[in-house]
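Each remark here refers to the structure printed beneath this line.
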Amino acid sequence: MSVDYSAAGLKVGLEIHRQLDTRNKLFCNCPSILSAKPPSFTFIRRLRPTQSELGQVDPAALFEFHKGKQIAYESDPETTCLVELDEEPPHPLNKEAVDTALNISLLLKAKILDEIHVMRKVVIDGSNTTGFQRTVVIALDGRLMVEGMEVPIEQVTLEEDAGRKMGETKNSVTFRLDRLGVPLIEISTGPVIKSPEEAGTTALAIGRILRATKRVKRGLGSIRQDLNVSIKNGALVEIKGVQELDLVSKVVEFEAQRQQALIHIRDELRQRNVREEDLKDDFVDVTSILANSQSKIVQAALKQGGKASAVRLYGFKGLLKRELIPGIRLGTEMAKRAAFWGKVGGLFHSDELPAYGIDQVHVESVSKKLGCGDSDAFIIIADQGDNVLDGLKAVVERSREAIRRVPEETRVANPDGTTHYMRPRPGAARMYPETDVPPVSISRDRLQEIERNLPKMPEEIAKELQSKYNIGQKLAGQLVDSEFLGVFESIVTTSKGIAPSYVATILTESLRSLTREKVPVDNLQEDHLKRVFGLVTEGATAKESVVDLLKWLASHPESTASEALKELNLGMLTRADLEDIVAKVVTSQQAVVSQQGSKALGKMMNLVMGEVRGRADPRMVAELLKAMLDRVTK
Ligand SMILES: [Zn+2]
């Protein structure tokens with residue numbers, strides 16, 4: 001289904017989060033890095049907000065709390081101290097992080113606040129040991145030109161990153177605390193973006209500004225994009241966790257489609273004269289009907305003392321299998337709701353039955369027991385008793401919403417650009433002053449100092465690259481848009497004798513094609529890149545080996561460039577080694593050599609190079625071959 005976005009009244013706002021590449025964390029002196037080692041200790045907590053907090057907690061946060069999970073925190077002394085463990089008050093705001101945020105604010109022409117205040121934003125999903133996230137508004141009301149369109153920047157905020165989720169089960173969730181406290185910048189645009197393409201180009205433009213500061217982290221997890229998407233007669237839906245820039249426009253496209261499909265379903269339900277009050281919380285136990293089914297889910301639930309119950313959805317026949325976006329049907333949306341509220345693994349809806357071990361005879365019996373008419377649908381859930389009822393309640397509520405309107409909700413992006421239900425949309429963020437951290441005045445002097453040293457804008461950097469390093473416009477643009485601009489400059493200044501355009505091509509096109517081959521390029525550290533080119537400069541390997549070395553290092557990030565060289569046998573051959581190889585090839589081609597004499601040089605050259613390509617200078621090969629042929633044909 002294609003969507004006319006302007007007729008659909010599409011509106012998108014972006015919230016771009018990116019980790020800052022500071023030395024230390026935002027509120028302590030721990031290094032702002034993720035640990036590669038296993039944790040040295042783990043502690044368990046169950047978050048219990050105090051009564052006063054609960055009184056004002058927004059509904060979304062309260063639901064997270066009600067999930068009542070046990071939370072395990074993994075920690076190690078290299079990346080965490082008492083601040084992350086919530087055993088010591090936070091230290092004053094990290095000056096380097098504030099300066100970077102001021103830089104970004106100025107680049108975005110935003111109005112910087114005279115005094116910045118640390119606030120607490122309640123989060124009860126356990127990702128913060130304190131139960132809140134510390135956040136600091138730095139500037140308001142900026143703007144950015146994106147392909148001739150002025151995009152308002154509503155706010156620039158400095159935040160502490162949350163713990164890193166390592167795993168989750170039904171009853172517990174584990175966070176690693178190394179990431180907790182890493183400074184994050186959040187940039188939010190006004191909801192003025194009107195097409196998926198504009199959303200993509202705006203995200204790209206903000207990314208360019210951030211990279212221009214050369215003070216942001218790169219790699220998977222360092223960037224997270226949240227999108228607020230609505231269409232006319234639809235709803236404001238918040239989509240979290242879009243990690244890939246390329247995915248932004250796809251996510252918007254799918255969300256517009258999803259909301260349109262839901263509006264069509266609503267209209268159809270109204271045409272069918274289905275009213276909200278026709279949908280009742282009448283849950284019927286169907287355990288006895290399904291007890292002899294082959295369904296693994298039903299059998300597993302019964303084995304654990306659970307049950308199967310069903311509910312009739314008046315007038316919904318055929319709508320549950322309606323696909324909203326690829327792979328996501330109205331039935332899928334209901335299943336996700338049931339999973340959130342009832343912690344159930346899933347549900348069966350009548351549009352997809354008979355299937356999954358539930359036969360036609362079961363379908364007919366359930367339908368009859370529920371009193372379903374020809375145009376009715378039904379849902380079955382099999383699980384623990386309480387979960388089943390909570391799940392079905394959530395299903396009926398979602399069905400009523402299908403008649404009412406597109407629900408406002410928070411969703412999570414899937415890797416293919418589709419999304420799934422995460423939780424209800426939170427109310428306005430609840431903020432409290434963080435009394436442990438004093439406010440910071442931003443002096444005129446400090447701002448003027450930053451303004452004097454403001455980084456160049458991306459277009460300007462691209463122009464400079466072209467003239468300074470003699471590289472083409474396209475390549476310069478790609479370099480500015482890549483994560484490797486900083487490392488490029490340090491490589492070309494230290495690696496004399498390698499053409500800058502060659503380095504730029506490796507850092508852009510070659511790494512991109514490795515990414516497409518699913519090589520984990522994000523693992524490459526700056527040092528890997530610098531050392532691989534260093535080996536070429538030192539004559540230890542040929543430049544043709546660079547890609548192979550990087551490919552190997554991406555999959556073995558703990559290793560060094562020299563180890564890669566050894567492992568892949570891509571070191572340069574010594575003159576003596578090369579002489580041996582030449583002699584061997586010439587001996588093996590005795591017949592050709594005695595027939596053609598020195599005319600065999602071309603063929604011999606091909607054979608030898610086939611063996612030593614990337615490990616020997618072709619000129620030396622030619623020289624040795626010639627000498628050898630002269631000798632044997634004399
Ligand atoms: Zn710390």
Side-chain angles (χ1 to χ4, degrees), residues 17-50 53 70-102 104 116-138 157-167 173-186 213 215-224 431-440 525-526:
H17 304 84
R18 182 112 186 208
Q19 289 176 341
L20 299 183
D21 197 17
T22 52
R23 190 185 309 268
N24 306 111
K25 291 188 181 179
L26 196 50
F27 294 107
C28 66
N29 288 328
C30 290
S32 139
I33 51 165
L34 298 187
S35 178
K37 295 182 203 158
S40 53
F41 68 97
T42 299
F43 61 100
I44 305 284
R45 218 174 253 186
R46 195 179 291 275
L47 282 173
R48 294 180 195 286
T50 63
E53 274 173 305
Q70 175 176 282
I71 297 152
Y73 294 111
E74 297 178 347
S75 174
D76 66 83
E78 286 85 40
T79 61
T80 49
C81 65
L82 293 175
V83 173
E84 288 90 337
L85 306 190
D86 193 26
E87 299 289 347
E88 186 185 304
H91 305 183
L93 264 169
N94 176 336
K95 190 175 171 299
E96 188 191 0
V98 174
D99 278 345
T100 305
L102 291 171
I104 293 167
I116 55 174
H117 293 257
V118 182
M119 303 292 283
R120 298 173 166 189
K121 187 160 76 183
V122 175
V123 283
I124 318 187
D125 65 357
S127 57
N128 290 57
T129 45
T130 50
F132 50 81
Q133 180 189 31
R134 296 188 184 97
T135 165
V136 194
V137 176
I138 301 288
T157 313
L158 185 59
E159 300 184 329
E160 57 178 353
D161 206 345
R164 190 154 60 107
K165 194 192 264 189
M166 306 302 281
V173 55
T174 303
F175 293 98
R176 183 82 193 251
L177 294 182
D178 52 1
R179 203 181 70 181
L180 179 61
V182 169
L184 270 185
I185 194 87
E186 184 197 277
T213 67
R215 295 195 211 169
V216 293
K217 287 193 194 287
R218 66 171 179 89
L220 199 68
S222 66
I223 182 161
R224 273 158 276 158
M431 303 270 228
Y432 310 89
E434 166 58 90
T435 46
D436 286 334
V437 185
V440 176
Q525 305 298 311
E526 263 192 52

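As the structure lists them, so they are numbered: ligands from 1, and atoms in each ligand from 1.
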Checklist entry - After noting the C-alpha distance and the side-chain angles of E74 and T174, does the key distance pass the side chain to side chain contact (heavy atoms under 4.5 Å, CB included) rule? => result CA-CA 7 Å; E74 297 178 347; T174 303; 3.5 Å; yes

Checklist entry - Is there side-chain contact between L20 and K217, with at least one heavy-atom pair below 4.5 Å? => result no

Checklist outcome for this item: Listed as residue and atom, the protein N/O/S atoms under 2.8 Å from the Zn ion (ligand 1) are C28 SG, C30 SG, C81 SG, E84 OE1, E84 OE2

Next on the checklist: Walk me through whether L180 and F27 qualify under side chain to side chain contact (heavy atoms under 4.5 Å, CB included).
Outcome noted: CA-CA 10 Å; L180 179 61; F27 294 107; over 6 Å; no

Item to check | Carboxylate-amine/guanidinium proximity below 4.0 Å for K25 and E84 | outcome: yes

Item to check | Criterion side chain to side chain contact (heavy atoms under 4.5 Å, CB included) on L93 and I116, from CA distance to verdict | outcome: CA-CA 10 Å; L93 264 169; I116 55 174; 4.0 Å; yes

Next on the checklist: Contact between V118 and T135 at the side-chain level, heavy atoms closer than 4.5 Å - yes or no?
Outcome noted: no

